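A quick write-up on the structure given underneath.
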Protein chains: 2
Amino acid sequence: MSLRHAILGFLSLRPMSGYDLKKAFDESVGHFWTADQAQIYRALARLVDDGHVEVRTVEQTGRPDRREHRITEAGLRELDGWLTGAAEPRPMREPFLLKIFFAGRLAPDDLKAVLTRHVDTERRRLETLTGLADGLGRLLAGRDIDLPQRLRLATLDNGIRHTRTEIEWADALLEQIDPPSRPDR
Amino acid sequence: MSLRHAILGFLSLRPMSGYDLKKAFDESVGHFWTADQAQIYRALARLVDDGHVEVRTVEQTGRPDRREHRITEAGLRELDGWLTGAAEPRPMREPFLLKIFFAGRLAPDDLKAVLTRHVDTERRRLETLTGLADGLGRLLAGRDIDLPQRLRLATLDNGIRHTRTEIEWADALLEQIDPPSRPDR
DNA sequence: GACATGTATATGTGCCGTCATATATAGTCG
DNA sequence: CGACTATATATGACGGCACATATACATGTC
């Protein structure tokens, strides 16, 4: 569902080919959304069928021709409807919490290992995200940041906050199940 | 993928029918995992094929017969492998962040409305979760809580923390884009 | 008496996503 | 020279998941 709307979102910024879109997804929303290449092309075909997008072939020399997709008026209306509309109820699925829910049968050391590995993964993710944020921060330093840019930064901030929360939670849980031994009073 | 493992998790606690499993999903992990009824039956069939689960029909009078599923030794090994194994790289997909990413084209009031509605939704979710936690807290008050129970509470705590984080983030963003007017000095 | 709800299992259909693969050319690296 | 990467689009196969629907009986409600 959302994939088509995401594509409309990108096409509202500028006309793009499927190839462009794949790069745009990976480079700009990659930290919270992944899109499969094959699926992008199929979604584009569907958007054209629905009249939300128009295509024209741009011939190129030395490289394959591009199929440039441009959003239509109907497509813009559809996009705005999605943007302002209610959130489609997304099915929550947290595989890691599922593991924790059933991890009572594990040996304590195995459980600790699972949690420690999780913290490591999340720490690495946090570094990636703060790295991205720092990079953008330096790039934009001084200038006044407009609303669209501010919103893009906000999506990054969201990831950073949730990653920090996840690390804090896992650390707290680790301490709970494996209290650091204390000298008796 | 995870659905079969989640089912193995439940069956490691006690033998269950598909109907039991559906209720177990909705009642105990419903706040972070949803499972479709049809999919549960298909997953069970597959688990039986793979030798991870055994079935026997329990005849009942006055109500339909139950097909009781019991985890096998191979199933337990599979479960433990999943529990201790590396997290399968789950594709991140945050539809709301996608909206925010493209929401720069909205009129400021529409954007504020989207964010405000989101905060409301998350606040309601927070109330649900804290309600659940309080209920469990009262139920377990005084007794000593064993590890499996502690882990189940931890999954709830995870949801509460992330929901709080989401609310804080959205509130901060709202203030950023709509600074409360201040009297001039 | 009709209708809804609970118990219980199962199939059909269609969408979406992932992975593999095909095709064609230009440039780069060892 | 051969292998790999980048540019660019497209299809086939397969699996998971959601939603609708079917069946059957008991009990509770208006």
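Here is the naming used below: chain letters follow the sequence lines, and residue numbers restart at 1 for every chain. As the structure is a prediction and not an experimental result, all values here were calculated from the model.
Not counting sequence neighbours, the partners of A:D26 by the side chain to side chain donor-acceptor pair (under 3.5 Å) test are A:K22. A:E168 pairs by the side chain to side chain donor-acceptor pair (under 3.5 Å) definition with nothing, not counting sequence neighbours. Taking the side chain to side chain donor-acceptor pair (under 3.5 Å) definition, one finds that A:T155 meets it with nothing, sequence neighbours left out. With sequence neighbours excluded, no residue forms a side chain to side chain donor-acceptor pair (under 3.5 Å) with A:R164.
A ring-ring contact (aromatic ring centres under 6.0 Å, His included) check over residues 116-160 of chain A, counting only residues at least two apart or in different chains, returns the pairs A:F96-A:H118. For residues 131-157 of chain B, no pair satisfies ring-ring contact (aromatic ring centres under 6.0 Å, His included), with sequence neighbours left out. Residue pairs meeting the salt bridge (Lys or Arg N to Asp or Glu O under 4.0 Å) criterion with at least one partner in residues 135-146 of chain A, sequence neighbours excluded, do not occur; the list is empty.
Along DNA chain C, read 5' to 3', the first and last nucleotides having any atom under 4.0 Å from a heavy atom of chain B are C:dG6 to C:dT18.
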Salt bridge (Lys or Arg N to Asp or Glu O under 4.0 Å) assessment of B:D120 paired with B:R124: CA-CA 6 Å; B:D120 286 349; B:R124 249 173 283 125; 5.0 Å; no
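In this structure, A:Y41 shares a hydrophobic cluster with A:Y19, the cluster being traced through Ile, Leu, Val, Met, Phe, Trp and Tyr side chains under 4.5 angstrom apart.
Near-neighbour residues of DNA chain C inside residues 5-14 of chain A, defined by a heavy atom below 4.0 Å, are absent. Contacts between residues 47-59 of chain B and DNA chain D, counted as heavy-atom distances below 4.0 Å, involve no residue at all.
At whole-Å resolution of the value, CG in A:D26 and C1' in D:dT5 are 16 Å apart.
The line from CZ of A:R4 to CD of A:E78 is 8.5 Å long, rounded to the nearest 0.5 Å.
For the residue pair A:E94/B:N158, the side-chain donor-acceptor check at 3.5 Å is not satisfied.
Hydrophobic cluster membership differs between A:M1 and A:L8, with clusters built from Ile, Leu, Val, Met, Phe, Trp and Tyr side chains linked at under 4.5 angstrom.
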At under 4.0 Å between heavy atoms, which parts of nucleotides 9-23 of chain D does protein reach? Answer with one letter per nucleotide, 5' to 3': B base, S sugar-phosphate only, - none. BBBBB--SBBBB---
